[in-house]
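Take a look at the structure set out below.
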Amino acid sequence: MDSAIAQLILEDHKIAYIITDPHFRTIEVGGNANTLQTFQACEGRSLFTCFPELVGSEDLLQSILAGELPRFQLTSVNREASEGQTVYLTMTTLPCRDLAGQIKGVVQAVVDVTDVVALEQQVTQRRNELRLLQGKLARQNQDLAAANAELKRLDEIKSMFVSIAAHELRTPLTPIYGYVEMLLQEDMGSLTNKQRESLEMVSKNVSRLVTITDHLLDVSRIEAGRIELVLRPTDLWGLVNKVAAEFQPQLDTQSQKLSLSAAPLLPLALCDEARAAQIVGNLVSNASKYSPPESEITLRVAPAQEEGFLQVSVIDRGGGISAQDQEGLFSQFFRTASARLSGVRGAGLGLYITRSLVELHGGCIWLDSEPGQGSSFHVTFPIAGEPVTPGHG
Amino acid sequence: MTGLQRKVCLLGDFAVGKTSLMRRFVYDLFNEKYITTIGVKVSLKSVAVPRDGEAVELTLMLWDLSGSEEFDQVRASYLRGAAGAILVCDLTRPDTLADLPQYANQLLSLNPEARLVVAANKLDLSDQHQLSSTQVAEAAGKLNAPFYLTSAKVGTEVETLFRHLGHLLVA
């Protein structure tokens, strides 16, 4: 081959070369000028001095000299260019033969493969960074899982404490309430007006304690998944009327009017009668507590928009609830800003329990409300799938 | 003073700090940014080590080898003739310590007389450590190698680490 063409190919492929004698001493250097710069002043020096990367492979190079090995190659050898950036080289050692075909030394071919390896470097870099991130994420997940398990354990302890405390508080309340009622009925002798007033105060606060402890017990049952519903086809309209009757004394103290209405031909609902009464009762109680005296509260039963459900709505003309308060309304121990300011007492558990009970029935609960516009609470119960009964209007 | 030259490989998983340890030892430099090594980079550094009452100038040919899995298949061709190795793990990644025996076995299968030293790196990241010195000592003991808790970032024990290996190589 014409030497000019050979030089052209060496230049184009960024190939430099070194030819050595049988003692690996450099006797000729040539090829691509830039590639040559990666190993300096090699002429007359040992190949192993120019290329320390070949140290350790002396026996293989001897094998090439002996004609026992056709070639030896090292890939991705890093060198620093004069500007400081990394240059990647492929180094190939080949036998150098004379015209008679006798091996007289070796040819060390050095190819600058930076363009290709730099891309490989970037890909590997990203892959390794991803692996490091994966490792970090895995460790963080482990830490989170451990923290979560600890939180769960603490939550269980808290629930157990609430359950035990509520139960222990609730037990003595029953005889206290009974004796107070007996005293008020003057079963143990007549009372002075002052004594009656005091006992009525005791009775009212015992009732409040009973409600709170009942709520706490319900919460602990809900959290432990220990509430079991006895689902039966139930006349929801009849149930609503019973609840309304129970709450009439409370409504009377506020001179509030309760209006009842129902759509015609209501089917039976599939619900636990006691728990459904608790749901409706809680909504009516809230409507009464947060509505002004002499206002009207509406209690309505109708087929829900969602097929297969009945809807009970409790509509009041109270102060309404802001959008911000609505977000947390069904959470434990949540009380709206207006409720806290109104002086109405409560632990913030009633709506949490109500929502849990509704969801246990497979229904849902929501509200429509705006400050100053009153509130409408809606709950749904599944239809029992039995023949319709005549509705009441 | 007589002169000796020994080939030393830095081995360990990717991103444990092999290049950083070498740069700290050879150039007293540190770069915070992680740059994956592809292939091999050879650097030289001479140290004076005592032997039989006289100082020996030992030139360490430090082979910084890629720790990426993609390099596993060709790593053996770079280990030939190694007199010793620094086995590097990362104190924040327990799996990097667990992998050290593989590197040691590969090196010793080619160079049975090679001397080993373990470097548990990134001592400066104390809040992220997942390995204790006891665990490192136990693993190094199984490899019959001394160990150092190092920080290429601040330079802790880096010089000592390489000098200790130098002593072992001229002993």
Side-chain angles (χ1 to χ4, degrees), chain A residues 38-39 46 48-63 69 71-81 84-93 113-114 116-140 142-143, chain B residues 5-9 13-16 19 22-23 26-27 29 31 33-45 59-71 73-85 90 92-96 107 110-111 114 122 125 128-130:
Chain A
T38 60
F39 46 95
S46 162
F48 299 101
T49 307
C50 297
F51 297 100
E53 294 87 357
L54 292 173
V55 169
S57 303
E58 292 87 345
D59 54 340
L60 295 173
L61 267 63
Q62 287 293 350
S63 298
L69 189 71
R71 69 205 294 270
F72 172 67
Q73 191 171 66
L74 290 174
T75 56
S76 304
V77 172
N78 295 208
R79 284 288 177 99
E80 204 163 285
Q85 82 271 24
T86 301
V87 174
Y88 296 99
L89 305 172
T90 295
M91 296 179 176
T92 310
T93 313
V113 288
T114 304
V116 176
V117 180
L119 284 174
E120 186 193 335
Q121 195 277 340
Q122 286 177 23
V123 171
T124 309
Q125 171 104 19
R126 298 288 173 273
R127 193 181 296 144
N128 286 352
E129 284 170 352
L130 272 176
R131 285 172 182 159
L132 289 173
L133 275 176
Q134 277 177 336
K136 267 188 186 171
L137 279 175
R139 283 195 294 279
Q140 282 174 354
Q142 277 178 354
D143 291 347
Chain B
Q5 185 170 272
R6 294 285 184 270
K7 176 175 173 177
V8 170
C9 295
D13 288 351
F14 69 91
V16 293
T19 305
M22 196 185 75
R23 274 173 62 81
V26 178
Y27 307 110
L29 293 172
N31 187 349
K33 189 172 184 292
Y34 165 57
I35 298 169
T36 301
T37 302
I38 297 287
V40 60
K41 178 164 187 181
V42 179
S43 302
L44 304 179
K45 176 152 178 174
T59 301
L60 294 171
M61 298 179 64
L62 301 167
W63 288 51
D64 176 19
L65 295 167
S66 172
S68 300
E69 284 172 16
E70 295 76 9
F71 193 66
Q73 290 179 338
V74 291
R75 189 174 290 109
S77 60
Y78 294 86
L79 299 178
R80 300 170 65 89
D90 176 347
T92 70
R93 291 155 59 203
D95 50 326
T96 62
L107 182 85
L110 292 162
N111 313 285
K122 305 192 186 178
L125 301 177
Q128 298 171 41
H129 285 178
Q130 304 272 324

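Being a predicted model, the structure only gives us computed values, none of them experimental. Naming: A, B, ... by sequence-line order, numbering from 1 per chain.
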- request: State, to 0.1 Å, how close A/Glu53 and B/Val42 come at their nearest heavy-atom pair, and which atoms those are.
  value: CG-CG2, 3.6 Å
field: Structural part of A/Arg79 lying under 4.5 Å from a heavy atom of chain B
entry: neither
- line: Scored by heavy-atom pairs under 4.5 Å with chain A, the best of B/Asp64, B/Val74, B/Ile38 is B/Ile38
query: Taking atom CZ of B/Arg80 and atom CZ of A/Phe72, what is their separation to the nearest 0.5 Å?
result: 7.0 Å
- prompt: Counting heavy-atom pairs under 4.5 Å to chain B, which of A/Lys136, A/Glu129, A/Arg127, A/Gln73 comes out on top?
  reply: A/Arg127
field: Closest contact, heavy atoms only, B/Ser77 versus A/Leu74
entry: O-CD2, 4.2 Å
- prompt: Should B/Lys41 and A/Glu80 count as an ion pair when the cut-off is N to O under 4.0 Å?
  reply: yes
Side-chain heavy-atom pair A/Leu132, B/Phe14 within 4.5 angstrom cut-off: yes
message: So for B/Ile35, is it side chain, backbone, both, or neither that comes closer than 4.5 Å to the heavy atoms of chain A?
response: both
message: As an exercise, state the distance from CG of B/Asp13 to CG of A/Asn128, rounded to the nearest 0.5 Å.
response: 10.0 Å
field: Contact check, side chains of A/Thr75 and B/Phe71, non-hydrogen atoms, under 4.5 Å
entry: no
message: Testing the 3.5 Å rule here: is there a donor-acceptor pair between the side chains of B/Thr37 and A/Asn78?
response: no
field: Check: A/Gln125 side chain, B/Thr36 main-chain N or O, donor-acceptor pair, under 3.5 Å
entry: yes
- request: Please test B/Val40 against A/Ser76 for side chain to side chain contact (heavy atoms under 4.5 Å, CB included), starting from the C-alpha separation and ending with a verdict.
  value: CA-CA 7 Å; B/Val40 60; A/Ser76 304; over 6 Å; no
- request: Kindly give the heavy-atom pair with the smallest separation between A/Val55 and B/Lys7, and that separation in Å.
  value: O-NZ, 3.4 Å
field: Min side-chain heavy-atom separation A/Arg131-B/Glu69 under 4.5 Å
entry: yes
